[in-house]
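Comments concern the structure below.
Here the structure is a predicted model, which is why all the values come from computation and not from measurement.
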Amino acid sequence: MKSPLQYKYVYGLIGYPLVHSFSLDYFNQKFLAEDIDAIYLNFEISDLGQLMELVAEYPNLNGLNVTAPYKEAVIPYLDSLDDDARRIGAVNVIRFIRDAKSGDLLQLRGYNSDVVGFEKTIDGILTPSRTSAMVLGTGGAAKAVKAAFERRGIRVTLVSRRKSEHTLVYEEITRAMVAQHHIIVNATPLGKYPDDDQCPDFPFRFLTSAHLCYDLIYNPEETLFMKRAARHGAQTKNGIEMLLLQAFDSYRIWTHEGD
């Protein structure tokens with residue numbers, strides 16, 4: 001078996017922890033099926049300062065995905081951002097721009113494919129009554145979800161465990177608020193494998209069949225958040241479709257297809 005340095009291209013995922021990673025199998029199967037001389041690796045780094053060590057260790061590194069907890073913290077390490085990443089304030093794709101002849105790294109450029117992936121998944125589930133969304137979480141994923149909704153004219157209320165000027169805390173959520181927001185999105189990591197016995201402290205008793213409860217988590221396939229929402233008649237959706245769509249967009253960005 002070839003070592004990573006023997007491939008023409010290395011791609012990978014940075015985050016901590018990475019026990020829930022889908023991308024490793026997805027991209028390596030793609031490379032094998034399409035006879036692409038590339039390998040995808042998981043880089044579980046507990047300190048984002050290790051990023052530049054990876055860049056030095058793998059001169060054939062050509063692109064990275066970024067997951068929690070680094071989608072916002074990675075920005076100072078980058079040379080430039082595309083418009084979506086700059087506006088959202090979060091990055092989940094890094095493109096390595098290298099000199100075509102020497103292979104020298106010229107620039108690290110950040111993108112946000114989460115917003116594209118999420119936006120495409122909501123097209124078929126928006127209804128005339130679903131004009132407001134409550135997004136649980138305030139991290140990089142929540143920021144991408146908020147941007148996608150706002151592009152569709154959906155009003156967004158953010159909910160966090162900590163009170164701030166622009167967010168509610170869970171204890172403030174009332175029946176009337178839930179009645180006004182027919183889309184509820186879990187954009188927190190609560191409930192992902194292996195901690196699948198957790199979920200946000202949302203008042204599920206206020207949900208009805210008019211609600212859509214969307215969990216960005218894809219492992220497990222049905223999260224505790226989704227199970228509790230379904231008990232009250234809400235429509236539920238997990239994050240696998242969004243994950244696939246953002247993966248497609250990641251590869252397009254890395255290979256600058258369509259540029």
Side-chain angles (χ1 to χ4, degrees), residues 15-22 67-73 88-90 92 114-115 117-119 121-122 125-126 130-150 154-243 246:
Y16 188 84
L18 294 181
V19 292
H20 62 288
S21 172
F22 153 93
T67 190
Y70 300 136
K71 290 185 179 184
E72 298 163 287
I88 294 165
N92 75 310
D114 281 338
V115 65
F118 184 79
E119 189 173 16
T121 68
I122 61 175
I125 52 181
L126 295 181
R130 292 172 178 168
T131 57
S132 298
M134 191 172 285
V135 178
L136 313 182
T138 55
K143 289 180 176 179
V145 167
K146 181 175 183 289
F149 276 136
E150 289 175 345
I154 304 295
R155 297 187 302 277
V156 176
T157 298
L158 295 175
V159 182
S160 175
R161 288 175 294 181
R162 298 179 183 86
K163 180 69 175 175
S164 74
E165 182 182 356
H166 302 293
T167 63
L168 295 174
V169 291
Y170 290 95
E171 293 79 9
E172 293 178 315
I173 301 174
T174 65
R175 183 183 296 274
M177 288 177 184
V178 176
Q180 292 168 1
H181 296 79
H182 281 180
I183 308 172
I184 314 295
V185 180
N186 177 27
T188 79
L190 289 174
K192 73 180 180 183
Y193 178 85
D195 300 317
D196 47 13
D197 59 345
Q198 300 180 13
C199 75
D201 188 22
F202 181 82
F204 294 94
R205 64 190 181 279
F206 298 151
L207 293 172
T208 69
S209 59
H211 285 88
L212 166 69
C213 288
Y214 191 142
D215 200 326
L216 300 192
I217 294 169
Y218 58 89
N219 183 16
E221 184 176 336
E222 186 181 27
T223 62
L224 183 57
F225 173 82
M226 294 169 64
K227 289 176 181 177
R228 290 186 174 177
R231 287 181 200 143
H232 294 274
Q235 179 186 355
T236 61
K237 182 176 178 63
N238 69 17
I240 190 65
E241 183 185 8
M242 174 184 170
L243 185 72
Q246 72 84 17

* To do: Grab the two heavy atoms, one from G191 and one from P220, that are nearest each other, plus how far apart they are.
  => O-CD, 3.4 Å
* Structure fact -> Note: F204 and A229 closest approach over all heavy atoms is CD2-N, 3.7 Å
* Do the non-hydrogen side-chain atoms of I173 and V178 ever get within less than 4.5 Å of each other? -> yes
* To do: Indicate yes or no: at least one non-hydrogen side-chain atom of R161 is less than 4.5 angstrom from one of T188.
  => no
* Structure fact -> Here the pair of heavy atoms bringing G117 nearest to M242 is C-CG, 4.0 Å
* Carefully, step by step, assess T167 and V169 under the rule side-chain contact (heavy atoms from CB on, under 4.5 Å). => CA-CA 7 Å; T167 63; V169 291; 5.7 Å; no
* To do: Find the distance between OH (Y218) and NZ (K237) and round it off to the nearest 0.5 Å.
  => 15.5 Å
* To do: Kindly compute the distance separating CZ (R228) from CG (L207), expressed to the nearest 0.5 Å.
  => 12.0 Å
* **Contact check, side chains of I122 and Y214, non-hydrogen atoms, under 4.5 Å** => yes
* **Note, F202 side chain near C213 side chain (heavy atom, < 4.5 Å)** => no
* Asked: Which atom pair, heavy atoms only, marks the closest approach of D114 to A144?
  -> CB-CB, 3.7 Å
* **Identified side chain to side chain donor-acceptor pair (under 3.5 Å) partner of D215 from the options N238, T236, T223** => T223
* **Flag side-chain contact, heavy atom, 4.5 Å: H181 against T157** => yes
* To do: Say whether, by atom type as modelled, one donor and one acceptor occur between the side chain of E150 and the main chain of A147 under 3.5 angstrom.
  => no
* Asked: Under a 4.5 Å cut-off applied to non-hydrogen side-chain atoms, are K143 and K71 in contact?
  -> no
* Structure fact -> So CG of L136 and CG of L216: to nearest 0.5 Å the spacing works out to 9.5 Å
* **Reported CE-to-CD distance for the pair M226 and Q235, which is rounded to 0.5 angstrom** => 10.0 Å
* For P189 and I217, work out which heavy atoms get closest and say how close. => O-CD1, 3.8 Å
* Asked: For the atom pair NE2 (H166) and NZ (K146), what is the distance rounded to the nearest 0.5 Å?
  -> 9.0 Å
* Asked: If you take all heavy atoms of R155 and S132, which pair is closest and at what distance?
  -> NH2-OG, 2.9 Å
* Derivation of the side-chain contact (heavy atoms from CB on, under 4.5 Å) call for K192 and N219 -> CA-CA 6 Å; K192 73 180 180 183; N219 183 16; over 6 Å; no
* Would you call I240 and E221 a side-chain contact if the rule is heavy atoms closer than 4.5 Å? -> no
* Y70 ring center within less than 6.0 Å of Y16 ring center -> no
* Hey, does I183 have a side-chain heavy atom less than 4.5 Å from the side chain of L126? -> yes
* Got a second to check how far K163's NZ is from L168's CG, nearest 0.5 Å? -> 5.5 Å
